[in-house]
Amino acid sequence: MSQKVLITSALPYVNGVPHLGHLVGCLLPSDVFARFNRLLGNEVLYIGGTDEYGTPTEVGALKEGIPVREYVDKYFNVHKETYDKFNLSFNKLGRTSTDTHTKLVQSVFLELKENGYIENKEIEQVYSIKDDMFLADRYIEGTCPKCGYEKARGDQCDKCGSLLDPVDLINPYSVISGSHDLEVRKTEHAFLKLKSMQGLVEDWIKTRVGWSKVALSIANKWLKEGLKDRCITRDIKWGIPVPDMPGKVFYVWFDAPWGYVSISQKWAEETGGDWKRFWFENDTRYYQFMGKDNVPFHSVMFPAEELATTTKWKTVDVLKGLNFLNFGDGKFSKSLGNGFSGLDAVELFDVDYWRYWLMANSPESDDAEFTFNIFADQINKDLNDILGNFVLRVLKFCRSKFGTNVPENFGNTDVENKLFSQLDEKVEEYNFALSNLEFRKATKALREIWVLGNEYIANSEPWSVIKTDEKRAMTIIHNSIKLIALFGVLSQPIMPGVAKKLLAFVGVEKENLWVNDNVEDFVNSLIVSGNEIFVPDTLFEKIDDVKVAELKEKYKG
RNA sequence: CGCGGGGUAGAGCAGCCCGGUAGCUCGUCAGGCUCAUAACCUGAAGGUCAUUGGUUCAAAUCCAGUCCCCGCAACCA
């Protein structure tokens with residue numbers, strides 16, 4: 001039965017270029033899951049986009065000397081290009097700097113206010129006269145009063161680790177202009193009364209099942225420590241204007257998650273789709289994907305906002321929080337000069353190499369590690385030696401002995417019966433892992449399915465059998481070609497490009513096929529004797545030691 | 001005593017929730033095969049499951065303590 005499935009990937013901050021960390025943490029797993037659900041015949045709305053408001057964008061534009069609008073457009077295009085290159089199958093890739101989004105967020109705010117969850121308070125903040133703006137804590141630096149470190153940030157000293165208040169810094173200055181001309185001013189801000197929403201969130205979270213471990217433990221940590229009221233407005237220009245508070249805009253974490261809704265609305269506008277079916281009806285399953293740094297906002301703050309409004313929004317059913325991908329020993333961070341962007345990555349290797357590797361190493365239980373050595377080993381072994389080699393040995397053998405049409409099947413034996421029952425088992429495992437968002441397990445099952453192909457060929461030895469029993473050899477190759485078709489179908493969610501190639505080799509033109517149970521019946525429906533096959537020279541290319549050494553040198557990984 | 005995650009063969013990981021002969025991939029060694037990108041298949045060696053104590057007929061798995069690594073500490077998203 002078809003199920004409505006809403007899938008959202010965390011909206012990366014538009015500032016800067018997306019790197020492998022973003023891809024592994026939310027973008028790719030959500031795409032694999034979306035593709036999988038479409039193949040199952042489910043009705044999928046898959047939403048992605050960029051988060052564009054906030055101080056860092058404003059400051060970034062200032063640094064590049066261009067208007068903020070131009071700045072976010074420029075970086076949105078970088079994001080879009082990256083996602084396109086990674087074959088992400090969003091139904092809509094949107095942004096938060098739209099009128100639709102503004103209207104939505106303002107109405108949410110007004111509903112919360114109406115329901116008594118907003119409170120205005122006057123607070124003191126550091127103001128930079130030269131920059132003509134209030135400074136967020138991290139935009140103030142000065143000498144740490146505790147250890148004397150000269151570049152301590154307003155919220156924390158990176159040297160001694162103490163938590164600071166910006167007013168305690170000795171000789172503070174603005175990070176933006178370097179100006180020391182600062183003063184403390186009073187300013188009024190709106191606060192979201194999270195403290196009074198604690199019970200609401202707690203009761204709700206108890207009804208959720210299937211969350212990843214890291215997601216649940218972070219959410220529970222926040223609840224256990226007790227929620228605190230949180231300031232949701234800012235004194236900057238680039239943001240959504242707060243109703244009845246001139247000069248104020250919303251704090252990005254108040255508005256960003258609502259992007260999932262506003263982008264759905266945009267999708268509906270453009271396609272005529274019905275966004276309300278996904279956001280208001282209870283038979284929708286809602287899955288969110290994000291890195292662990294985003295968990296508190298999605299597990300506590302956003303649901304609290306949804307629950308406290310008058311409108312009955314669909315809240316997340318399954319929240320998949322992922323850990324981080326580290327680059328060698330350190331962080332995957334372009335600003336530190338190590339690591340590389342998503343665009344660099346697809347320049348280096350076929351996108352499906354990355355999609356496969358990143359899913360095979362999905363940081364589900366702990367942070368994962370990327371090095372070129374590990375990457376090359378796995379690509380060479382899994383894709384080249386196991387999958388690629390199987391496909392080529394079958395197709396080339398077929399061409400040289402029987403020509404480029406699928407040979408006849410003269411009757412399966414116990415060997416094939418055993419093969420298909422093993423395949424049934426593994427395919428079930430694969431489906432189960434994908435349904436449960438266990439991408440490492442899924443990739444492992446897929447790999448084991450490929451191995452079954454090599455085992456089958458090795459044990460049944462068509463190259464010897466053909467000398468005495470040509471019909472038996474034809475039967476073996478017939479079945480092996482069916483395996484290639486099966487591999488193609490199963491590879492679709494993870495490696496859409498490779499899947500297409502595999503299916504083309506064996507002449508399967510039908511799209512959007514999937515297999516749930518009986519593998520033998522399924523492949524019989526795909527491949528018929530006499531079908532024409534296409535034999536490529538190669539399928540994958542190995543990454544040799546020279547290349548690895550080169551890349552390690554270039555990217556310090 | 002801030003919080004969370006992790007510590008399992010040379011490397012990377014699974015198993016832990018629901019205790020019952022310690023598993024996967026790479027690497028190493030041996031054998032088979034020669035259709036295939038020196039690829040594939042089979043087998044072997046290699047671990048007192050960080051550490052100490054407890055519960056139990058039985059603990060990698062449950063409980064308590066200790067040590068080490070990583071991340072986060074709510075105005076960076």
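In what follows, chains are A, B, ... by sequence order, proteins preceding strands, each numbered from 1. What's counted below: heavy atoms across the whole structure, side chains too, no hydrogens, waters or symmetry copies.
Listed nucleotides A77(B), C35(B), U37(B) differ in distance to Asn384(A); the shortest reach to its side chain belongs to U37(B). The side chain of Trp253(A) has A77(B) as its nearest neighbour among A77(B), C13(B), C35(B). You'll find that the side chain of Arg234(A) is closest to C75(B), out of G71(B), C75(B), C41(B). The side chain of Glu455(A) has U42(B) as its nearest neighbour among U25(B), U42(B), U37(B).
Salt bridge status for Arg95(A) with Asp51(A): absent, with no side-chain N to carboxylate O gap under 4.0 Å. Salt bridge absent: Arg440(A) and Glu438(A) never bring a charged side-chain N and a carboxylate O closer than 4.0 Å. With respect to Arg447(A) and Asp382(A), a salt bridge is recorded, a charged nitrogen being found less than 4.0 Å from a carboxylate O. Ionic pairing of Lys193(A) and Glu119(A) is not present here: no N-O contact between side-chain nitrogen and carboxylate oxygen is shorter than 4.0 angstrom. Salt bridge status for Glu416(A) with Arg472(A): present, with a side-chain N to carboxylate O gap under 4.0 Å.
At a threshold of 4.0 angstrom between heavy atoms, the contacts of Ile123(A) include nucleobase atoms, whether or not backbone atoms are also involved. Across all strands shown, Lys396(A) has heavy atoms under 4.0 Å from sugar-phosphate atoms exclusively, and none from any base. Residue Gln378(A) is out of contact with every strand shown, counting any heavy-atom pair closer than 4.0 Å. Base engagement by Asn389(A) is indicated by at least one non-hydrogen atom pair under 4.0 Å involving a base atom. Residue Val394(A) is classed as having no contact, given no heavy-atom separation below 4.0 Å to the nucleic acid. Using a 4.0 Å heavy-atom cutoff across all strands shown, Gly226(A) reaches at least one base atom of the nucleic acid. In this structure, Asn15(A) reaches neither bases nor backbone, as no heavy-atom distance under 4.0 Å exists between it and the strands shown. Lys444(A) comes within 4.0 angstrom of sugar-phosphate atoms only, judged by non-hydrogen atoms across all strands, and of no base. Using a 4.0 Å heavy-atom criterion, one finds that Pro462(A) contacts no nucleic acid atom at all. Among the heavy atoms of the strands lying under 4.0 Å from Leu539(A) is at least one base atom, whether or not backbone atoms are also near. Among the atoms of the strands shown, none is found under 4.0 Å from any heavy atom of Ile218(A). Looking at heavy-atom distances under 4.0 Å, Asn459(A) makes contact with sugar-phosphate atoms alone, never a base. At a threshold of 4.0 angstrom between heavy atoms, the contacts of Asp385(A) are confined to the sugar-phosphate backbone, with no base atom among them.
For A39(B), the OP1/OP2 oxygens have no side-chain nitrogen or oxygen of Lys381(A) closer than 4.0 Å. In this structure, Lys542(A) reaches the A39(B) phosphate: one of its side-chain N or O atoms is under 4.0 Å from OP1 or OP2. A close approach under 4.0 Å does occur between a side-chain nitrogen or oxygen of Tyr251(A) and OP1 or OP2 of C75(B). In this model, the phosphate group of C75(B) is approached by a side-chain N or O of Arg230(A) to a distance below 4.0 Å at OP1 or OP2.
Classified by interplanar angle (parallel below 30°, tilted 30° to 60°, perpendicular above 60°), the ring pair Trp463(A)/Phe397(A) is perpendicular. Using the six-membered ring where Trp is involved, Phe302(A) and Trp258(A) have ring planes that are perpendicular, over 60° apart on the 30 and 60° scheme.
The residue among Thr538(A) and Lys292(A) whose nearest nucleotide of RNA chain B lies closer to the 5′ end is Thr538(A). Across the interface with RNA chain B, nearest-nucleotide mapping of Asn454(A) and Gly388(A) shows Gly388(A) to be the residue nearer the 5′ end.
Counting to the nearest Å, the P atom of C16(B) and the CD atom of Glu364(A) are 14 Å from each other. Following rounding to the nearest Å, Asn380(A) (CG) and G27(B) (C1') show an atom-to-atom distance of 14 Å. Residue Asn361(A) contributes atom CG, which lies 10 Å from atom P of A14(B) at whole-angstrom precision. Atom P of nucleotide A77(B) and atom CD1 of Ile236(A) are separated by 8 Å, given to the nearest angstrom. Atom CH2 of Trp450(A) and atom C1' of C40(B) are 15 Å apart (whole Å). Rounded to an integer number of Å, the gap from Asp293(A) CG to C3(B) C1' is 16 Å. As a whole-Å value, the separation of Leu322(A) CG from G4(B) P is 20 Å. Distance Phe370(A) CZ to C13(B) C1': 17 Å, rounded to the nearest Å.
If you check distances only, the side chain of Glu461(A) never reaches the base of C35(B) with a donor-acceptor pair under 3.5 Å.
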- Task: Take His298(A) and Tyr260(A) through the test ring pair (Phe, Tyr, Trp, His ring centres under 6.0 Å) and record every step on the way to the result.
- Result: CA-CA 11 Å; His298(A) 287 79; Tyr260(A) 303 140; 5.7 Å; yes
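Using C1' as the reference atom, A50(B) and C69(B) are 11 Å apart when rounded to the nearest Å. Spacing between A64(B) and U55(B) at atom P, rounded to whole Å, works out to 15 Å. Taking the P atoms as reference points, C49(B) lies 16 Å from G20(B), given to the whole Å. Using P as the reference atom, G15(B) and C24(B) are 15 Å apart when rounded to the nearest Å. The same atom, P, is picked in C68(B) and in A58(B); the two are 32 Å apart, to the nearest Å. Nucleotides A22(B) and U34(B), compared at atom C1', are 36 Å apart to the nearest Å. For C33(B) and C70(B), the C1' atoms lie 46 Å apart once the distance is rounded to whole Å. The separation of A9(B) from C3(B), taken at their P atoms, amounts to 29 Å, rounded to a whole angstrom.
As the counterpart of C72(B), G2(B) is assigned, both hydrogen-bonding distances of the Watson-Crick or G-U wobble pattern falling under 3.5 Å. In a base pair of the Watson-Crick type (N1 to N3 plus N6-O4 or O6-N4) or a G-U wobble (N1-O2 and O6-N3), with each distance short of 3.5 Å, C18(B) is matched with no nucleotide. G53(B) and C63(B) make up a base pair, with Watson-Crick or G-U wobble contacts both under 3.5 Å. If you check A77(B) for Watson-Crick or wobble pairing at under 3.5 angstrom, you find it has no partner at all. G43(B) is paired with C29(B) under the criterion used here, namely a Watson-Crick or G-U wobble arrangement in which both key atom distances are under 3.5 Å. Checking C24(B) for Watson-Crick or G-U wobble geometry (two distances, each under 3.5 Å) identifies G12(B) as its partner.
Contact annotation: the side chain of Thr57(A) approaches that of Val72(A) to within less than 4.5 Å [non-hydrogen atoms, C-beta and beyond].
Of the options Thr475(A), Ile481(A), Ile476(A), Ile533(A), a side chain to side chain contact (heavy atoms under 4.5 Å, CB included) to Pro407(A) is made by Ile481(A) and by none of the others.
The ring of Trp463(A) lies on top of the base of C35(B), close enough and flat enough: under 5.5 Å between centres, under 30° between planes.
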